[in-house]
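In this chain, numbering begins with 1 at the start of the sequence shown. All values below were derived from every heavy atom in this structure, side-chain atoms included, with hydrogens, water molecules and symmetry-related copies excluded.
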Amino acid sequence: MENNEGMSIIKREQEKRLGLMLSCLLGVLLFFMTFTSSYHLLTDLKSSDLIHHLAWADEYNKWTLLQALLTGNDRLWHACVWLMNRLGVELTYAGCLVTAGSVTAVYIIYNILFKRMLQWLDQRLIPAASLALCLVTAIYVPWYTVYIYQGQSSPNIWHNPTQLMVRPFALIAFWMTVRIYHRLREGEGWPKRTFESKGEIVAYAFVLMLTVWAKPSFVQAFIPGLAILMIVDLVRSRGKAFSFCFKVACSYVPAVALMLMKFVSEFGADSESGIEIAFLDVWTHYTKSIPISVLLLFAFPLFVFIVDWKQLLPSVEGQLSLSNLAVAVVMKAALAETGRSRYHGNLAWSYGLAAFLVWFIALRNFLELMFGNRLTGKKYTVVAVVGWTLLFLHLLSGIVYYIKIITGTAQY
């Protein structure tokens with residue numbers, strides 16, 4: 001018996017070491033891929049969002065850091081690039097390094113969260129699952145979609161550095177919210193203590209502010225989505241959850257205040273741009289069929305949510321990701337910018353970030369279904385065949401998307 005236990009411990013340690021080695025190897029690969037795509041977009045195509053943001057980063061020399069962060073939008077990427085440039089890194093390479101670092105940070109966070117949530121899972125599977133999440137995109141149908149990304153959106157992109165910059169902080173903020181909100185749902189009664197310590201409040205508020213500095217698109221949908229959940233729990237608890245909801249809402253005040261400052265800076269009285277209600281105007285500009293484009297983006301997550309709805313729909317993470325997505329869909333469908341930026345799709349970035357979170361939760365639950373002994377017999381076989389096939393198609397499309405970016409055959 002002791003022999004078997006000793007062998008089991010040795011096997012787990014070997015598995016962890018191999019998982020760590022694989023994690024490092026795939027992380028380096030992803031960093032190289034992102035650096036290469038960024039460099040190609042900057043130096044060869046010179047027409048992506050990267051080139052414009054790089055020029056704005058160079059303008060930091062004209063501002064104080066505080067002025068730059070409190071005015072305008074999406075400043076965190078620019079600040080990091082500017083700082084690296086001041087430290088002696090050539091501007092183009094600084095832009096590529098910061099962008100590659102943002103994508104790799106998401107990969108690392110995926111690894112950490114999967115290890116925490118799926119402690120029983122083979123450690124060698126976690127790096128592969130994390131890399132897959134960093135590559136998947138809408139299923140590419142050549143006879144339907146001219147561009148893989150454009151029209152469908154994606155949880156992963158290569159061309160917009162501020163969208164890439166906000167994702168690590170958005171993922172951290174999402175999971176911190178899930179942990180905090182679990183305190184409301186677990187146990188009997190309604191908790192009087194919302195946060196474990198003052199440090200947690202400060203950390204949570206600061207991460208939310210970082211998401212706004214990186215790109216306000218995340219909190220634009222996430223805060224209303226969270227508000228929907230809190231209203232439901234207030235009604236369900238007959239007001240007993242008020243103290244909890246009020247304290248969580250207070251932690252959002254700094255981020256909301258910063259977002260409003262940026263909104264006034266971007267769409268104030270002196271601005272040439274504004275926002276109006278124009279139902280489906282921008283969305284239909286890029287796609288022949290909205291339902292088909294949505295299905296191409298969410299085929300795998302939709303399948304997982306249908307198969308595992310009893311587990312996902314009652315869960316905090318499932319409800320939060322879906323409420324966030326619902327708000328993002330409404331924003332993308334109903335709103336449009338006025339002026340020359342109307343069809344740039346700037347109000348659709350929240351939709352891509354919502355897809356990013358839905359995909360994360362869907363893959364987590366799919367791994368539980370496949371390796372957690374939750375399904376057996378014919379049901380397991382059907383879910384495995386359909387699920388792995390859909391995931392493969394999304395992953396293959398993501399690889400094709402990357403190749404098209406690198407070869408210049410399709411920028412978006």
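The closest side-chain heavy-atom distance from Lys288 to Ser293 is not below 4.5 Å. Residues Gln152 and Tyr144 form a side-chain contact, since some pair of their non-hydrogen atoms from C-beta on lies under 4.5 Å apart. A 4.5 Å side-chain heavy-atom check between Ser23 and Ile126 finds every atom pair outside the cut-off. Contact check for Ile157 versus Trp349: side-chain heavy atoms found under the 4.5 Å cut-off. Residues Ile109 and Ile172 have side chains in contact (heavy-atom distance under 4.5 Å, counting atoms from C-beta outward).
Listed for the Thr381 side chain is a donor-acceptor partner under 3.5 Å among the backbone atoms of Gly377. Checking side-chain atoms of Tyr402 against main-chain N and O of Trp158 turns up no donor-acceptor pair under 3.5 Å. Side chain of His40 to backbone of Ile406: a donor-acceptor contact under 3.5 angstrom is found. With hydrogens and angles disregarded, no donor-acceptor distance shorter than 3.5 Å links the side chain of Asn324 to the backbone of Gly225. Side chain of Ser315 to backbone of Gly318: a donor-acceptor contact under 3.5 angstrom is found. Side-chain atoms of Ser350 come within 3.5 Å of backbone N or O of Ser217 as a donor-acceptor pair. Under the 3.5 Å distance criterion, the side-chain polar atoms of Asn111 are matched with a main-chain donor or acceptor of Tyr107. Side-chain atoms of Ser397 come within 3.5 Å of backbone N or O of Tyr140 as a donor-acceptor pair. Under a 3.5 Å cut-off, the side chain of Gln319 and the backbone N or O of Leu313 do form a donor-acceptor pair. Formation of a donor-acceptor pair under 3.5 Å by the Ser251 side chain with backbone atoms of Val248 is found in this model.
Using cut-offs of 30° and 60° on the angle between ring planes, the pair His52 and Trp56 is tilted. The aromatic rings of Trp359 and Phe300 lie parallel to each other, their planes meeting at an angle below 30°, with 60° marking the opposite boundary. Between Tyr93 and Phe35, the ring-plane angle classifies as parallel under the 30° and 60° cut-offs.
For CE of Met21, the number of neighbouring non-hydrogen atoms (other residues, nucleotides, ligands) closer than 6.0 Å is 12 at most. Within 6.0 Å of the CG atom in Leu87, the count of heavy atoms belonging to other residues, nucleotides or ligands exceeds 12. For Tyr39, the OH atom counts as loosely surrounded, since its 6.0 Å shell holds 12 or fewer non-hydrogen atoms of other residues, nucleotides or ligands. The neighbour count for Phe392 CZ, taken as heavy atoms of other residues, nucleotides or ligands under 6.0 Å away, does not exceed 12. In the displayed structure, Phe31 atom CZ is contacted under 6.0 Å by more than 12 heavy atoms of other residues, nucleotides or ligands. More than 12 heavy atoms of other residues, nucleotides or ligands sit less than 6.0 Å from atom OH of Tyr380.
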Under the criterion side chain to side chain contact (heavy atoms under 4.5 Å, CB included), I'd like the reasoning laid out for Leu131 against Leu135: C-alpha separation, chi angles, the key distance, then a yes or no.
CA-CA 7 Å; Leu131 181 65; Leu135 296 177; 4.0 Å; yes
Going through the distances and angles, do Ser102 and Trp77 end up as a side-chain hydrogen bond (donor to acceptor under 3.5 Å, both in side chains)?
CA-CA 9 Å; Ser102 302; Trp77 185 86; 5.4 Å; no
Verdict with reasoning, Glu90 to Asn85, per side-chain hydrogen bond (donor to acceptor under 3.5 Å, both in side chains):
CA-CA 6 Å; Glu90 197 272 325; Asn85 185 233; over 6 Å; no
Would you sort out whether Cys134 and Tyr110 count as a side chain to side chain contact (heavy atoms under 4.5 Å, CB included), showing the intermediate values?
CA-CA 9 Å; Cys134 291; Tyr110 279 148; 3.8 Å; yes
Go through it in stages, so that I can follow the logic: the residues are Leu357 and Phe218, the test is side chain to side chain contact (heavy atoms under 4.5 Å, CB included), and I'd like the CA-CA distance, side-chain angles, deciding distance and then a yes or no.
CA-CA 11 Å; Leu357 296 175; Phe218 171 69; 3.9 Å; yes
Could you walk me through whether Leu42 and Cys96 pass side chain to side chain contact (heavy atoms under 4.5 Å, CB included), step by step?
CA-CA 9 Å; Leu42 282 170; Cys96 295; 3.9 Å; yes
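Classification of Lys247 and Glu200 as a salt-bridged pair fails, no side-chain N sitting under 4.0 Å from a carboxylate O. Under 4.0 Å is where a charged nitrogen must lie from a carboxylate oxygen, and between Arg179 and Glu317 no such pair does.
Pro155 and Arg167 make their closest contact through O-NH1, 2.8 Å (heavy atoms, listed as atom of the first residue, atom of the second, distance). Looking at every heavy atom in both residues, Asp233 comes nearest to Ala241 through O-CB, 4.1 Å. Scanning both residues, Met165 and Cys80, for their nearest heavy atoms gives CE-SG, 3.7 Å. Closest of all the heavy-atom pairs between Leu164 and Pro168 is O-CD, 3.4 Å. Residues Thr34 and Ser37 approach most closely at O-OG, 2.9 Å, considering heavy atoms. Nearest approach of Val386 to Phe303, heavy atoms of both residues: CG1-CE1, 3.5 Å.
Residues Glu337 and Asn346 bring a donor and an acceptor atom of their side chains to less than 3.5 Å of each other. For the residue pair Tyr252 and Tyr204, a side-chain donor N or O sits within less than 3.5 Å of a side-chain acceptor on the partner.
For the atom pair CH2 of Trp175 and CG of Leu320, the computed distance is 10.0 Å after rounding to the nearest 0.5 Å. Rounded to the nearest 0.5 Å, atoms CG (Leu118) and CD (Gln123) are 9.5 Å apart.
Screening residues 114-136 for ring pair (Phe, Tyr, Trp, His ring centres under 6.0 Å), with sequence neighbours left out, gives Phe114-Phe360.
Not counting sequence neighbours, Trp283 has no partner by the side-chain hydrogen bond (donor to acceptor under 3.5 Å, both in side chains) test.
Screening Ile148, Asn156, Leu296 for a side-chain contact (heavy atoms from CB on, under 4.5 Å) with Thr137, the sole residue that qualifies is Ile148. Only one option out of Val166, Leu325, Val219 pairs with Leu353 in a side-chain contact (heavy atoms from CB on, under 4.5 Å); it is Val166. Among His78, Arg75, Lys215, the single residue meeting the side-chain hydrogen bond (donor to acceptor under 3.5 Å, both in side chains) criterion with Thr162 is Lys215.
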